[in-house]
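Below: one structure, written as structure tokens.
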Amino acid sequence: MPLFYKGLLRGKKLSLLRGKTPPLIGVDISSTAVKLLQLSQIAGRYRIEHYAVEPLPPNAVVEKNIVEVEAVGETLRRALSRSGAKTKLAVAAVAGSAVITKVITMPADLTEDDLEAQIQSEANQYIPYPIEEVSLDYEVLGPVKDSPESNNVLIAASRTENVDLRVSALELGGLTAKIVDVEAFAMENAYKLIADQLAVDASKVVAVVDVGATMTTLIVLKNQRTIYSREQVFGGKQLTDEVMRRYGLSYEEAGLAKRQGGLPESYETEVLQPFKEAMVQQISRLLQFFFAGSDYNRVDQVVLAGGCASIPDIQHKVEQQLGVPCVVANPLASMSLSPRVQAQTLAQDAPALMIACGLALRSFD
């Protein structure tokens, strides 16, 4: 079981986290696109029922922050229509950088209502914002080692405006937010689907690096549980901007040329190779932050996710320069497809659907 099942919606623990969750559409709002994914489960096997990836207008979302909520809502509406999904309930996520998490200890004999009340009353000392401006949730992690009368409890808090912007965008797109999660938690939730793709045992220390359009997210897992997470500003938009500058293309033309080809021969050596080098340096830098702040000095495996994971041969470059086995994530690899889902298009998008997949899995809590 993944460690975190959060519902940061509306500042309290939600009743929907108790009992069976209805079918949900996972909605990943990145800086350049919205990604929708709906799953079903038949005889223990997941099936992809509906999915869509729809590009956002430039600067509608900046570094995971929604700037133009109407534009995001309209893009969501188009994506929902194109996906063919009829379900109107959704789960979205806020970026990890917008969330404060803290593990605290609480008496193990508290009832759920008493635990919730005590967390609400004590949250002020852990959260640097007025409590009325915060959406708060918690998860009981289990007994404290050598102290069974106490439980470790994870509290997670985000400014309510971060949550409300996503709720509003979903509503404008024709969806109702049932859960608002955290992107790093969603990545961990999807990790179990790629565990058998690794070159090492899933109990080892594994770094999952999601390199998106403008943000790169690292989570480090041991025994399939997150022990570290960090975000930094870096992503594929830098490559798009360089293509625009060098070849005189518009933003849309540059993005299309990156995916479909047709750029001059100089692109490979003068533009793409330097970006690959920069990407490996950013991954190395993130790992150095992890090593500096923990008892670890290496990871056993790197998993690449996000749109930039689809860059040809990037995993081999990571392996060569970091000396660590590297694979490109495909959380959808063992799933069956509904007739309306095109396998070839899905295969191209799969590495970028890690967060959407982790969110869609909330249907089966």
Please name all residues satisfying side chain to side chain contact (heavy atoms under 4.5 Å, CB included) with [X], sequence neighbours left out, ordered by chain then number.
| X | answer |
| --- | --- |
| Ser40 | Ile42, Arg47, Glu49 |
| Asn297 | none |
| Asp114 | Leu110, Thr111 |
| Glu231 | Ala95, Ser97, Glu183, Met215, Thr217 |

Residues which pass salt bridge (Lys or Arg N to Asp or Glu O under 4.0 Å) with [X], listed by chain and number, not counting sequence neighbours:
| X | answer |
| --- | --- |
| Glu133 | Arg159 |
| Glu319 | none |
| Asp349 | none |

Minimum heavy-atom separation for [X] and [Y], please, with both atom names.
| X | Y | result |
| --- | --- | --- |
| Ala360 | Val91 | N-CG1, 4.4 Å |
| Arg362 | Ile179 | NH2-CD1, 3.5 Å |
| Met244 | Tyr251 | SD-CA, 3.6 Å |

Atom pairs and distances, donor-acceptor, side-chain atoms in residues 233-241, under 3.5 Å, two or more places apart:
unit_1 : atom_1 : unit_2 : atom_2 : d
Lys237 : NZ     : Asp241 : OD1    : 3.4
Lys237 : NZ     : Asp241 : OD2    : 3.2
Thr240 : OG1    : Gly236 : O      : 3.3
Thr240 : OG1    : Lys258 : NZ     : 2.7

Quick one: do Ile314 and Val271 end up in the same hydrophobic cluster if we chain Ile, Leu, Val, Met, Phe, Trp and Tyr together by side-chain heavy atoms under 4.5 Å apart? yes
Parallel under 30°, tilted from 30 to 60°, perpendicular over 60°: which one fits the rings of Tyr296 and Phe290? parallel
Crowding at CG, Asn59 (>12 non-hydrogen neighbours, <6.0 Å): no
Mark yes when over 12 heavy atoms from residues, nucleotides or ligands other than Lys88 sit less than 6.0 Å from its NZ; otherwise mark no. yes
Exercise answer: donor-acceptor pairs, residues 73-85 side-chain atoms, under 3.5 Å, sequence neighbours excluded:
unit_1 : atom_1 : unit_2 : atom_2 : d
Thr75  : OG1    : Ala71  : O      : 2.9
Thr75  : OG1    : Arg78  : NH2    : 3.4
Arg77  : NE     : Leu172 : O      : 3.3
Arg77  : NH2    : Leu172 : O      : 2.7
Arg78  : NE     : Glu54  : OE2    : 3.2
Arg82  : NE     : Glu54  : OE1    : 3.0
Arg82  : NH2    : Val53  : O      : 2.4
Arg82  : NH2    : Glu54  : OE1    : 3.0
Ser83  : OG     : Leu80  : O      : 2.8
Ser83  : OG     : Ala85  : N      : 3.1

List in chain and number order the residues that pass ring pair (Phe, Tyr, Trp, His ring centres under 6.0 Å) with Tyr126, two or more places apart in sequence or in another chain; answer none if no residue qualifies. none
With a 3.5 Å cut-off and sequence neighbours excluded, list the donor-acceptor pairs that the side chains of residues 144-155 form with protein atoms.
unit_1 : atom_1 : unit_2 : atom_2 : d
Ser147 : OG     : Glu149 : OE2    : 2.9

Enumerate the side chain to side chain donor-acceptor pair (under 3.5 Å) contacts for residues 273-283, please, sequence neighbours excluded, ordered by first and then second residue. Gln232-Gln282, Glu268-Gln273, Glu277-Lys317, Glu277-Gln321
